[in-house]
Amino acid sequence: QVQLVESGGGLVQAGGSLRLSCAASVRTFTRFALGWFRQAPGKEREFVAAMSWSGTSTVYADSVNGRFTISRDNAKNTVYLQMNSLKPEDTAVYYCAARGNSGSLYSRDSYNYWGQGTQVTVSS
């Protein structure tokens with residue numbers, strides 16, 4: 001079983017930055033692809049960013065490309081999401097996810113494990 005715990009959310013003004021962290025309790029962390037998704041009130045959970053298990057492939061939603069960066073520290077079993085130039089439309093609960101199987105990095109259905117989420121609020 002994999003447990004994921006997010007942290008780093010909060011309230012920030014538009015144009016500001018936040019870094020989200022997601023710590024995983026699993027010994028085989030390097031075998032998991034990792035992703036970040038978000039869900040705003042009244043909307044479906046949407047893809048934000050993901051990284052392959054090897055770290056050689058990273059993908060981003062068009063809405064965050066160039067502003068957000070996903071990274072992982074295998075020594076700490078942690079994945080990060082650096083968010084810069086934040087906009088009010090980035091306001092959402094952010095979830096990290098992990099999967100040990102194959103599948104699309106973009107699809108939430110291919111992820112086996114989810115964190116509890118962390119709130120990010122961007123004020124205008």
Side-chain angles (χ1 to χ4, degrees):
Q1 189 72 6
V2 178
Q3 289 189 323
L4 303 172
V5 180
E6 301 100 333
S7 60
L11 174 64
V12 64
Q13 288 189 332
S17 298
L18 282 175
R19 188 177 79 157
L20 306 183
S21 301
C22 176
S25 61
V26 61
R27 286 184 291 181
T28 56
F29 182 74
T30 55
R31 298 181 185 178
F32 286 81
L34 303 163
W36 286 96
F37 291 75
R38 67 186 182 187
Q39 188 167 18
K43 295 186 177 182
E44 292 195 355
R45 193 170 300 187
E46 64 175 8
F47 169 78
V48 176
M51 174 177 282
S52 63
W53 68 268
S54 64
T56 57
S57 178
T58 56
V59 292
Y60 297 91
D62 290 343
S63 59
V64 307
N65 196 22
R67 299 187 297 123
F68 291 10
T69 303
I70 187 171
S71 61
R72 64 192 293 167
D73 185 337
N74 290 334
K76 296 182 178 180
N77 279 17
T78 300
V79 59
Y80 303 97
L81 185 68
Q82 177 66 44
M83 306 185 295
N84 299 329
S85 302
L86 283 161
K87 305 175 181 179
E89 51 263 44
D90 294 319
T91 295
V93 177
Y94 283 70
Y95 299 88
C96 71
R99 62 170 176 83
N101 54 3
S102 60
S104 169
L105 287 173
Y106 297 90
S107 173
R108 66 185 183 191
D109 293 337
S110 67
Y111 289 84
N112 310 99
Y113 306 101
W114 293 85
Q116 82 288 351
T118 185
Q119 176 70 48
V120 171
T121 303
V122 184
S123 64
S124 57

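Any value given below was found using the heavy atoms of this structure, including those in side chains, with hydrogens, waters and symmetry copies removed.
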Hey, does the side chain of [X] reach the backbone of [Y] with a donor-acceptor pair shorter than 3.5 angstrom?
X	Y	value
T56	S54	no
S107	S104	no
T91	V122	yes

Quiz item: What residues, two or more places apart in sequence or in another chain, satisfy side-chain contact (heavy atoms from CB on, under 4.5 Å) together with A97?
Solution: F37, Y111, W114
If I take atom [atom1] from residue [X] and atom [atom2] from residue [Y], how far apart are they, to the nearest 0.5 angstrom?
X	Y	atom1	atom2	value
F32	N74	CZ	CG	12.0 Å
S102	W53	OG	CH2	13.0 Å
T69	M51	OG1	CE	9.5 Å
R67	S85	CZ	OG	7.0 Å

Quiz item: Are L105 and F68 in one and the same hydrophobic cluster, where Ile, Leu, Val, Met, Phe, Trp and Tyr link if side-chain heavy atoms are under 4.5 Å apart?
Solution: no
Practice problem: Look at the side-chain heavy atoms of Ile, Leu, Val, Met, Phe, Trp and Tyr, link any pair under 4.5 Å apart, and say whether Y80 and F47 land in one connected group. | Solution: no
Quiz item: With sequence neighbours left out, which residue pairs that include part of residues 36-77 fulfil the disulfide bond (SG atoms under 2.5 Å apart) condition?
Solution: none
Quiz item: Less than 4.5 Å apart, any side-chain heavy atom of Q39 and any of Y95?
Solution: yes
Quiz item: Considering only heavy atoms from C-beta outward, does the side chain of V48 approach that of M83 to under 4.5 Å?
Solution: no
Exercise. Would you check, one step at a time, whether the test side chain to side chain contact (heavy atoms under 4.5 Å, CB included) holds for V79 with W36?
Key: CA-CA 9 Å; V79 59; W36 286 96; 3.8 Å; yes
Contacts under 3.5 angstrom, residues 8-31 side chains, donor-acceptor by atom type, not counting sequence neighbours:
| from | atom 1 | to | atom 2 | distance (Å) |
| --- | --- | --- | --- | --- |
| S17 | OG | N84 | OD1 | 2.9 |
| S25 | OG | Q3 | N | 3.2 |
| S25 | OG | Q3 | O | 3.4 |

Practice problem: May I have the step-by-step check of side chain to side chain contact (heavy atoms under 4.5 Å, CB included) for R72 and L34, ending in yes or no? | Solution: CA-CA 9 Å; R72 64 192 293 167; L34 303 163; 3.5 Å; yes
Heavy atoms only: give me the nearest [X]-[Y] pair and the separation to one decimal.
X	Y	answer
E6	Y94	OE2-O, 3.9 Å
A92	A40	CB-N, 3.8 Å
Q116	L4	OE1-O, 3.5 Å

